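Quick caveat, the model's predicted, so the values are computed rather than measured.
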Amino acid sequence: MKEKVFYNKQVKHYEGLGIKQGANCIVKLTNYELQLCDIKSRPIVKISLKDISNVAIISDKEIIEKDKSVIGRGIVGNVLFGGAGLILGGLSGLQKKQVEQNVDYLIINYKENGEDKVINVYANEGIIDKGFMKGLNYAIDISKQELKCPKCGNVYNFSDYKCSNCGQVLKDTKKVKKVFGLVFGCVVAFIVLMVIIAIAAGGGSSKDINIIKRVANVEKEQAEKIDNILNDIGLKDIEDMKADSEGLDELEGEGSKGYRIKTSFSDNVILYLDSNNNVICVRYADKDYYRNGNVLNKFE
C-alpha cells in the first residue's frame with residue numbers, strides 16, 4: 001500500500017537517534033509507522049506503530065521532580081514515569097544537573113528486537129501540539145487491534161479508506177483523517193482570523209506591534225521601535241506580553257516599567273521601558289540581551 005503522510009514536523013534531537021544533540025530532524029507519522037528522519041527527510045529510524053509502547057510530552061520541571069523521588073528511593077537506571085510506565089532514559093540523569101528552563105520533550109518508548117528503546121526530541125522547538133499527540137495515540141491504539149471489515153470480515157489496515165475486498169467505507173481512517181484534518185483546518189482558520197484582527201485593529205500592523213501597543217499603551221511608531229529592538233536580539237514572534245507593575249516597576253530606575261514577554265520557549269523574557277517608553281534593557285535568565293542601545297546577546 002502507498003505510504004500516506006499524516007504529519008511532518010521539524011524538531012531538534014535530544015537523544016536516541018545517534019546524531020548530535022540539538023541537530024535538526026523530522027518527526028513523520030505515516031499510515032504504517034512513526035519515522036525519525038534527517039533534515040533531508042531520509043529515515044534514521046522507522047518504528048512500526050505496533051511496536052510503540054508509550055508516547056508523551058513531558059516538561060523538564062516534571063522530570064526534575066520525578067528525579068527527586070527516584071533518587072530518594074535509591075533507584076538507578078531508566079526511570080519509569082507515571083502510571084503508564086513511560087521510560088525517560090537519559091533525560092533523568094542529565095536533568096537533575098540542570099536548572100529548570102521550561103523545556104518540553106517528546107518521549108517515544110518502543111521495542112526493537114525485544115529491547116526497550118527511547119528517543120527524545122525537544123517538543124517546543126518543533127511545536128508538537130495536542131492535535132498531533134491525539135492523532136498519534138489513536139493511530140497507535142488502532143494499529144494494535146485486528147481490524148475486520150464489518151461487511152465482509154476482511155482484515156484491513158487502520159489507514160485503509162475502503163475495504164479492498166468489498167469496497168466498504170471504513171470508519172477508522174475517517175477518524176484519523178478527521179483528527180489531523182481538524183488540526184490543520186483550525187490552524188488555517190486561526191491564521192486567517194489573526195490577519196483580519198491585525199488589519200482591523202492596527203491598520204495593517206503586525207501582531208507583535210499590536211501587542212506592544214496594547215500592553216505598553218504606546219503609539220504605533222513607538223511600538224515599532226520597541227519591536228525592531230526585539231527583532232535585533234532574535235525575538236521575532238511574541239505570543240503575548242503583560243505588565244508586572246508590582247514585581248518589575250522602578251527596578252531600572254525611577255519611572256521605569258517592566259513587562260513579561262511570552263514566546264514559544266518562555267513566558268518570562270523581561271522588557272524594561274523608561275518613563276518615555278524607550279527600551280532600557282531586555283533580560284532573560286539573568287542575562288542582558290539588550291541594554292542602553294546595545295545588542296549584547298541574541299536568541300538563537
Side-chain angles (χ1 to χ4, degrees), residues 3-64 66-67 70 76-81 84-133 135-137 139-140 143 180 234 236-237 263-266 285 297-300:
E3 179 182 272
K4 301 173 186 176
V5 177
F6 291 121
Y7 188 90
N8 191 318
K9 194 70 181 181
Q10 181 174 308
V11 296
K12 290 188 183 294
H13 172 251
Y14 186 85
E15 66 173 346
L17 293 180
I19 59 177
K20 183 179 179 182
Q21 183 179 327
N24 289 327
C25 60
I26 293 171
V27 175
K28 183 188 293 185
L29 176 63
T30 76
N31 48 324
Y32 289 114
E33 59 203 3
L34 184 67
Q35 298 179 6
L36 281 298
C37 307
D38 64 18
I39 196 63
K40 294 183 179 179
S41 290
R42 297 172 299 198
I44 301 172
V45 175
K46 292 183 177 182
I47 310 170
S48 170
L49 294 174
K50 295 179 181 179
D51 293 333
I52 297 175
S53 53
N54 276 307
V55 288
I57 293 178
I58 304 295
S59 70
D60 58 353
K61 181 178 179 181
E62 292 173 285
I63 292 168
I64 291 168
K66 185 65 179 178
D67 261 1
V70 168
V76 295
N78 285 341
V79 177
L80 295 180
F81 190 94
L86 186 75
I87 300 174
L88 299 183
L91 277 170
S92 61
L94 182 61
Q95 284 301 307
K96 62 175 175 284
K97 302 175 184 177
Q98 296 181 349
V99 178
E100 181 186 332
Q101 297 177 342
N102 296 316
V103 177
D104 291 331
Y105 301 90
L106 172 65
I107 318 294
I108 305 164
N109 292 167
Y110 67 103
K111 286 189 179 291
E112 183 179 81
N113 299 322
E115 181 182 354
D116 288 326
K117 298 276 189 175
V118 185
I119 293 173
N120 305 319
V121 297
Y122 293 101
N124 45 355
E125 288 287 347
I127 319 176
I128 302 290
D129 53 40
K130 292 180 180 178
F132 167 73
M133 295 302 293
L136 176 56
N137 278 297
I140 291 169
S143 71
F180 285 101
K236 298 183 179 180
D237 187 16
T263 69
S264 60
F265 60 88
S266 175
N297 292 285
K298 289 191 175 184
F299 294 95
E300 298 298 330

Over all atoms of both residues, closest heavy-atom pair of [X] and [Y]:
{"X": "Asp38", "Y": "Ile26", "result": "O-CD1, 3.6 Å"}
{"X": "Ile47", "Y": "Ile119", "result": "CD1-CD1, 4.1 Å"}
{"X": "Ile19", "Y": "Cys25", "result": "CD1-CB, 4.3 Å"}
{"X": "Val121", "Y": "His13", "result": "CG1-CA, 4.2 Å"}
{"X": "Tyr110", "Y": "Val45", "result": "OH-CG1, 4.0 Å"}
{"X": "Asn8", "Y": "Lys28", "result": "ND2-CE, 3.4 Å"}

Atom [atom1] in [X], atom [atom2] in [Y]: separation rounded to 0.5 Å?
{"X": "Ile52", "Y": "Asn137", "atom1": "CD1", "atom2": "CG", "result": "9.0 Å"}
{"X": "Ile44", "Y": "Leu17", "atom1": "CD1", "atom2": "CG", "result": "5.0 Å"}
{"X": "Ile39", "Y": "Asn24", "atom1": "CD1", "atom2": "CG", "result": "4.5 Å"}
{"X": "Leu29", "Y": "Lys9", "atom1": "CG", "atom2": "NZ", "result": "14.5 Å"}
{"X": "Glu112", "Y": "Lys46", "atom1": "CD", "atom2": "NZ", "result": "13.5 Å"}
{"X": "Leu36", "Y": "Leu106", "atom1": "CG", "atom2": "CG", "result": "8.0 Å"}

Apply the test side chain to side chain contact (heavy atoms under 4.5 Å, CB included) to residues Thr30 and Leu49: give CA-CA distance (whole Å), side-chain angles for both, the deciding distance (0.1 Å), then the verdict. CA-CA 9 Å; Thr30 76; Leu49 294 174; over 6 Å; no

Relative to each other, are the rings of Phe299 and Phe265 parallel, tilted or perpendicular (30° and 60° limits)?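 Rings of Phe299 and Phe265: tilted, as their planes differ by 30° to 60°.
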
Mind checking whether Tyr122 and Tyr105 have parallel, tilted or perpendicular rings, split at 30° and 60°?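 Because their plane-to-plane angle lies in the 30° to 60° range, the rings of Tyr122 and Tyr105 count as tilted.
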
Distance-only side-chain donor-acceptor flag, Asn109 / Lys117, under 3.5 Å: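 The criterion, which ignores hydrogens and geometry beyond distance, is not satisfied for Lys117 and Asn109.
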
